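The shown structure was predicted, so the numbers you read here are calculated from the model rather than taken from an experiment. Just so it is clear: chains get the letters A, B, ... in the order the sequence lines come, proteins before strands, and each one is counted from 1.
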Number of protein chains: 2
Amino acid sequence: MATAARALGGYGSVSAAAKERVAQAAKTLGYRPNVVARSMITGRTNAIGVVLADIENAFFSSAVRGIADAARAAGQHVILANTDEDIEKEHAAIRVFVERRVDGLIVCPTDGTDRTYLRGIIEQGTPVVLLDRRIRGLRADSVGIDNHRAAYEATRYLLAAGHERIGVVTGTASDVEAALHRPGLVGVENLVGMTGGERTAGYRDALLQAGIEPRVDYVVSGGGYRREDAVAATKELMALEEPPTAILPLDSILSLGVLQAVRELGLRCPRDVSVVGFDDAEWTETVTPPLTVVAQPVQEIGARALQRLLSRIDGSRQRPVHETLETTLVERESVGPPLSEG
Amino acid sequence: MATAARALGGYGSVSAAAKERVAQAAKTLGYRPNVVARSMITGRTNAIGVVLADIENAFFSSAVRGIADAARAAGQHVILANTDEDIEKEHAAIRVFVERRVDGLIVCPTDGTDRTYLRGIIEQGTPVVLLDRRIRGLRADSVGIDNHRAAYEATRYLLAAGHERIGVVTGTASDVEAALHRPGLVGVENLVGMTGGERTAGYRDALLQAGIEPRVDYVVSGGGYRREDAVAATKELMALEEPPTAILPLDSILSLGVLQAVRELGLRCPRDVSVVGFDDAEWTETVTPPLTVVAQPVQEIGARALQRLLSRIDGSRQRPVHETLETTLVERESVGPPLSEG
DNA sequence: CTGTTAGCGCATTCAT
DNA sequence: ATGAATGCGCTAACAG
């Protein structure tokens, strides 16, 4: 009888009495609904796919934590895929997820992602929310921070401390690196889906507003987002004829690299170089000196992304919204006055 | 015709010619197999559930990375659940996973897990592999390190440096804390599923072997696995009449707390206190001083756990094996000679 | 409100 | 080697 099914499935209308009896019977029989069969009918799997660069990276693991908590509250499951910033892996992961019939996707696209692939997925009916990165011209919500503004404020903070020669250590993929090196840093913000681009633009504009001409050789990238890359980049920076007196690494791993390079060069922070990092990792107040950072509400970014995805899954058809959460500049001890010429 | 199904599903026998034609037709029609329907028939979902305390913790995110890589190679998907060391959440997560018909489970049980719950799951037919922690009397494989030996060696290293008063900062849940405080630390290793217990036993035995009587007041727990707990625990330790000259924090977050406390107390490491931590987190060589640690091959632990799970899923019925991977003592600069009495 | 019927898309019999 | 028929466990649509 279908009444039993209705009672157990929680749909249609069932009398309270019947519902009670069915629940009782189900318990004694040890009945467990078959979720797979249900999914086949309803077309919903209650699973959402999360596609990111690397779960080992603290930024992503915090984001996933936020997503997972919100998902659990909504009865959704989180499936994970790492891309290592590799576009092939990203596409493969997404393809497999839609084949698996996930209800929706949260993706943090790799630098320079082509927007057409994701466009196809969306048009085909799988809702997508972008996390951290944002792709212009794509009908997808996104949740992140105002990267331009965050970098702008960090730079102004350094400027206010008296620094005029400020270096940036970024982790741009090599194929867009060239674009990063145009005179005056013109157009960096247009690099597709690049937080690094937007942040560099914020840095540039703060400089410009202070009447300082941005120097191309002050923006360096080690090629990847690994610490060794940042170490090399920092050494390159400090080997310049006029080395910067302050450095702005664009994520937490890069900050670690900058700090390491500073130490390896026999320099001291903040006496010889000041540093303002991105992301308030667990170790930021334990390193020497405690690191001043731009903190993002990472868990909340994840939670909001899931929220947005849910409303899309529930059929929301409003035009894409780009949600931007507030960052905080956490002042610690890695910024001091610039070293006077010596 | 069933031939098409056979060709696409890759089972039964099909002539090469037919296979070719079917593949062609499938491509032009844009056919995508319905994984959900397939799962209903085969009973396999190609998904494995991973249950751990907190994905934000570097140990777990590395383990998940290892699991995910191995899973991808095997065509399996990884579903995540965080328990926050809460037994209720752990049970709930596991229940939902088996209801979802995952092919298997990798679980890192919370301290003091009752073994009966998992036993039920296993007997009911879902393979389980334990990660990091291990539960005696449970018919499940486990993958981790030799906790006793790792702590034993770390302690001997400290002993060799001349330390005789060595403190331990652990993160035991409060309900088993009492057991940690028996005179002579007798029986700590029997605490169910506790890496902390085994490690404390290793510490105790190294002391004993050196002819030093273990002191109960040198083993402290802040109650949880948070940094603040370790800060408090360390301060408690250093406030003793005869404070230890070296400290052994039992995981990376706790190490951070110990380092922070040392600094807040105005002490210097290793001049005033030496420290040997567990787990080679990304920041260990960037803090001051670079931290000497017992490193575990965490990604590999995850990968091996998945491997073991797969062979169980494929029907292996051999008796449970407990796999133990090698640890490495990474010497850096946080250990020096003990501070002479003064 | 409840019972009956049909069918989701596939894998697996059984024939041929 | 192939085609036809059956059923996995459930929900949806319809009748009563």
Side-chain angles (χ1 to χ4, degrees), chain A residues 1-47 49 74-77 79 95-104 121 124-126 313-315, chain B residues 1-47 49 74-77 79 95-104 121 124-126 313-315:
Chain A
M1 62 196 188
T3 307
R6 281 191 262 261
L8 295 163
Y11 57 96
S13 2
V14 199
S15 73
K19 198 179 293 184
E20 177 59 30
R21 276 185 303 128
V22 171
Q24 208 59 41
K27 177 175 283 181
T28 60
L29 293 176
Y31 169 83
R32 299 255 149 254
N34 184 325
V35 211
V36 180
R38 178 177 296 171
S39 286
M40 185 167 66
I41 296 297
T42 61
R44 292 194 44 168
T45 53
N46 295 315
Q76 289 278 353
H77 277 173
I79 313 184
R95 184 171 0 99
V96 178
F97 280 160
V98 326
E99 231 159 52
R100 236 183 187 301
R101 305 290 205 271
V102 294
D103 290 347
I121 299 299
Q124 184 191 323
T126 306
I313 290 171
D314 289 345
Chain B
M1 60 196 183
T3 307
R6 280 190 259 260
L8 295 162
Y11 54 94
S13 5
V14 200
S15 73
K19 198 180 290 183
E20 178 59 29
R21 278 185 302 128
V22 171
Q24 208 58 44
K27 177 176 283 182
T28 59
L29 293 176
Y31 170 83
R32 299 257 149 253
N34 185 325
V35 209
V36 180
R38 177 174 297 172
S39 286
M40 184 165 67
I41 297 296
T42 61
R44 293 194 42 169
T45 53
N46 296 314
Q76 288 279 354
H77 276 173
I79 314 184
R95 185 170 358 100
V96 178
F97 279 160
V98 324
E99 231 160 51
R100 237 185 186 304
R101 305 290 203 272
V102 293
D103 290 346
I121 300 299
Q124 184 191 323
T126 307
I313 290 172
D314 289 345

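Looking at which nucleotide of DNA chain D each of B:Arg101 and B:Ser15 is closest to, the 5′-most match is held by B:Ser15. Between A:Arg32 and B:Ala16, the residue anchored closer to the 5' end of DNA chain D is B:Ala16, taking for each the nucleotide with the nearest heavy atom.
Of the candidate nucleotides D:dT11, D:dC10, D:dC8, D:dC10 has the atom nearest to the side chain of A:Tyr31. Looking at the side chain of B:Arg6, the nearest of the listed nucleotides D:dT2, C:dT2, D:dT11 is D:dT2. Side-chain proximity of A:Ala37 to C:dC10, D:dA13, D:dC10: nearest is D:dC10. When distances are taken from the side chain of B:Ile41 to each of C:dT13, D:dA12, D:dC8, the shortest belongs to D:dC8. Listed nucleotides: C:dC10, D:dC10, D:dT11. Nearest to the side chain of A:Thr42: D:dT11. In the set C:dA11, C:dT2, C:dT13, the nucleotide with an atom closest to the side chain of A:Ser13 is C:dT2.
Among the heavy atoms of the strands lying under 4.0 Å from B:Val14 are primed sugar atoms or P, OP1, OP2 only; no base atom is included.
For A:Lys19 and C:dT2, the NZ to C1' distance is 14 Å, given to the nearest whole Å. Taking atom CG on B:Asn46 and atom P on C:dA11, their separation rounds to 12 Å, with Å as the unit. If you take CD of A:Glu99 and P of C:dG9, they are 15 Å apart, rounded to a whole angstrom. Between the CZ atom of B:Arg21 and the C1' atom of D:dT2 there is a distance of 11 Å, given to the nearest Å. Computed from coordinates, the B:Met40 CE to D:dG9 P distance equals 8 Å when rounded to whole Å.
Contact between the side-chain N/O atoms of B:Arg38 and the OP1/OP2 oxygens of C:dA11 is found at a separation under 4.0 Å. Put simply, A:Thr3 has a side-chain N or O that comes within less than 4.0 Å of OP1 or OP2 on C:dG3.
Here the straight-line distance linking atom CG of B:Asn46 with atom CZ of B:Arg101 works out to 15.0 Å at 0.5 Å rounding. For the atom pair CZ (B:Arg100) and OG1 (A:Thr45), the distance works out to 6.0 Å, reported to the nearest 0.5 Å. Between the OG atom in A:Ser39 and the CG atom in B:Asn34 there is a gap of 10.0 Å [rounded to 0.5 Å].
Inter-residue side-chain proximity for B:His77 and A:Val96 is flagged as met; some heavy-atom pair is nearer than 4.5 Å. Within the 4.5 Å cutoff, the side chain of A:Arg44 has heavy atoms near those of the A:Gln76 side chain.
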